[in-house]
Amino acid sequence: MVDADLSKVLADIAVYAARRRAEDAERRHAPSATYPEQVERFRIDLSQAGAAPDDVIRELIALAEPGLAAVTAPRFFGWVMGASNMTGVAADWLTSVWGQNAGNHLATPSAAAAEEASGNALLELMQLPRGSSVGFATGATMASYTCLSAARMEVLRRAGWDIEADGMAGSPPITVVLGEEAHSTIFAGLKYLGFGERNLVKVAADRNGAIIARAFAEAMARVSGPVIAIAQAGHINSGSFDPFVEIAKVAQAKGAWLHIDGAFGLWARATKTHRHLGEGIELADSWSVDGHKWLQTPYDCAYAIVKDREAHVRAMRIPASYLPGAGDGMRNPSDAVPELSRRARGFSTWAMIRRLGAAGIAEMVSRHCALARRFAQQLSAEAGVEVLNDVALNQVAVHFGSDAETRAVIAKVQSDAVCFVGGAQWRGKAIMRISVTNENTTEADVDRSVEAMLSAWRAVKGAN
Ligand SMILES: Cc1ncc(COP(=O)(O)O)c(C=O)c1O
């Protein structure tokens with residue numbers, strides 16, 4: 001029997017959701033409430049009785065709204081974040097309604113099949129080796145962690161050491177060779193895997209933060225024993241790509257495992273316009289990429305892709321007598337990520353690939369890169385404003401006058417609230433970071449945002 005009250009609550013949420021998204025374009029970007037204020041407001045009084053569903057949801061909306069950032073709004077350029085497309089959101093709602101646990105293919109065949117089909121489509125879209133194994137993780141952080149776990153186990157296995165039997169203590173030392181500007185989450189993943197600073201060889205990067213091929217070759221020539229090499233497609237500030245063809249050649253000659261962190265940059269492979277940036281990416285052993293960035297799936301969704309299916313499964317499998325074993329020859333979702341019970345992320349991925357199609361994904365990524373160039377051209381035409389990176393992808397790193405002035409411009413842009421940008425410290429300078437990854441951003445949004453940034457810059461300059 002359909003519960004009429006519950007249907008009404010769900011219908012009301014749908015109306016609320018559609019209205020909220022319709023108002024996105026003119027939404028204030030930064031939250032109006034601070035974290036401590038929200039902690040206070042969210043405090044639960046346990047002496048209260050349980051509440052009716054519509055009261056709970058109404059209360060949640062009223063409490064949360066002041067502390068929400070307008071991440072889905074078209075002029076939100078802070079960090080590299082997708083817009084949680086509503087088709088993906090609807091698929092995500094269904095994922096919760098269905099309550100599937102994507103732990104194994106026997107219990108939830110649709111959840112497992114959606115992953116398998118989407119995984120195959122991802123390999124095709126990004127032209128990665130067919131037959132690679134795809135795990136559905138929470139984010140690129142965990143996707144890289146997963147790939148690097150497989151790498152760690154496999155390079156040791158090749159050196160005659162079995163982690164499963166003997167653990168890590170006393171194993172042949174592994175050297176990790178990576179760019180000095182690898183993303184912070186790669187260093188975190190390495191820490192979780194038991195690698196310390198002294199196990200890492202950091203290779204010099206160029207002015208865009210990309211590995212210098214010669215420096216990589218020299219570093220690799222100096223190391224011996226099991227090696228994991230890590231490269232990057234899409235630097236967090238500049239969007240730059242490492243020179244994969246040269247890196248892969250050296251890594252292969254050394255017998256190293258090559259992992260590529262392509263949290264957002266890997267999507268360039270799905271375009272005609274920017275595919276060339278990722279030449280050689282297919283030569284790696286593993287790749288991490290997010291769905292919740294450029295594919296616009298809702299959070300959380302990312303993919304851990306490993307060429308050697310057996311190495312992937314060996315590193316991740318959770319054997320138990322009550323779970324399907326490895327013997328049936330079928331892909332089991334929990335063999336590919338370090339989780340058993342988990343969200344069926346294949347549904348929202350499947351929905352977004354179907355919603356956009358290969359052509360739609362390519363068009364969107366190319367358009368975002370063109371919009372990033374539009375930002376760079378307009379901003380750098382103004383005296384005192386410097387774009388520090390070659391804008392090859394979707395990221396723009398901007399410096400206004402001095403470090404102090406740059407920070408003041410960012411603060412003013414945030415408080416004026418026409419658009420949202422964040423800041424960072426990069427290569428010794430304060431920068432405003434502009435990331436174009438929201439599917440709804442238009443040229444008019446860029447122009448309006450540039451106007452706001454330049455007006456903030458003129459006000460800051462005038463005040464000094
Ligand atoms: C290059 C790169 N790697 C990894 C990550 C981490 O991704 P996630 O936040 O999805 O875990 C990011 C996030 O921006 C990134 O830009």
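Index from 1, following the sequence. In each ligand, atom 1 is the first atom listed, and ligand 1 is the first ligand listed.
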Taking the six-membered ring where the residue is Trp, are the ring centres of F136 and Y303 under 6.0 Å apart?
yes
When you measure from atom 11 (O) of ligand 1 to every protein heavy atom, which one gives the shortest distance, and what is it?
T141 OG1, 2.5 Å
Heavy-atom proximity to atom 1 (C) of ligand 1 ranks first, among D261, I236, L266, for D261
Set out, in order, the CA-CA distance, both residues' side-chain angles and the distance that settles side-chain contact (heavy atoms from CB on, under 4.5 Å) for V446 and T441, then state yes or no.
CA-CA 7 Å; V446 171; T441 305; 4.3 Å; yes
Looking only at protein heavy atoms, identify the closest one to atom 8 (P) of ligand 1 and say how far it is in Å.
A140 N, 3.5 Å
Atoms of ligand 1 close to D290 [distance to a heavy atom under 4.0 angstrom, numbered from 1]:
7 (O), 8 (P), 10 (O)
Protein contact of atom 4 (C) of ligand 1 - nearest heavy atom, named by residue and atom, plus distance:
T185 OG1, 3.2 Å
Applying a strict 4.0 Å limit to heavy atoms, is G234 in contact with ligand 1?
yes
Is there a donor in the side chain of S366 and an acceptor in the side chain of T273, or the other way round, less than 3.5 Å apart?
yes
At less than 4.0 angstrom from any non-hydrogen atom of G139, what atoms of ligand 1 do you find?
10 (O), 11 (O)
Quick one: do F347 and W93 satisfy ring-ring contact (aromatic ring centres under 6.0 Å, His included)? Show the steps, please.
CA-CA 10 Å; F347 291 131; W93 286 356; over 10 Å; no
Quick one: CE on M168 to CZ on F195, what's the gap to the nearest 0.5 Å?
5.0 Å
Please find out if less than 6.0 Å separates the ring center of H235 from that of W426.
yes
Specify the protein heavy atom at minimum distance from atom 9 (O) of ligand 1: its residue, its atom name, and the distance to 0.1 Å.
K293 NZ, 3.7 Å
Does a side chain donor of either S435 or Q395 reach within less than 3.5 Å of an acceptor in the other side chain?
yes
Would you check whether H292 reaches within less than 4.0 Å of ligand 1, judged by its heavy atoms?
yes
Where does F264 meet ligand 1, judged by heavy-atom distances below 4.0 Å: at the side chain, the backbone, both, or neither?
side chain
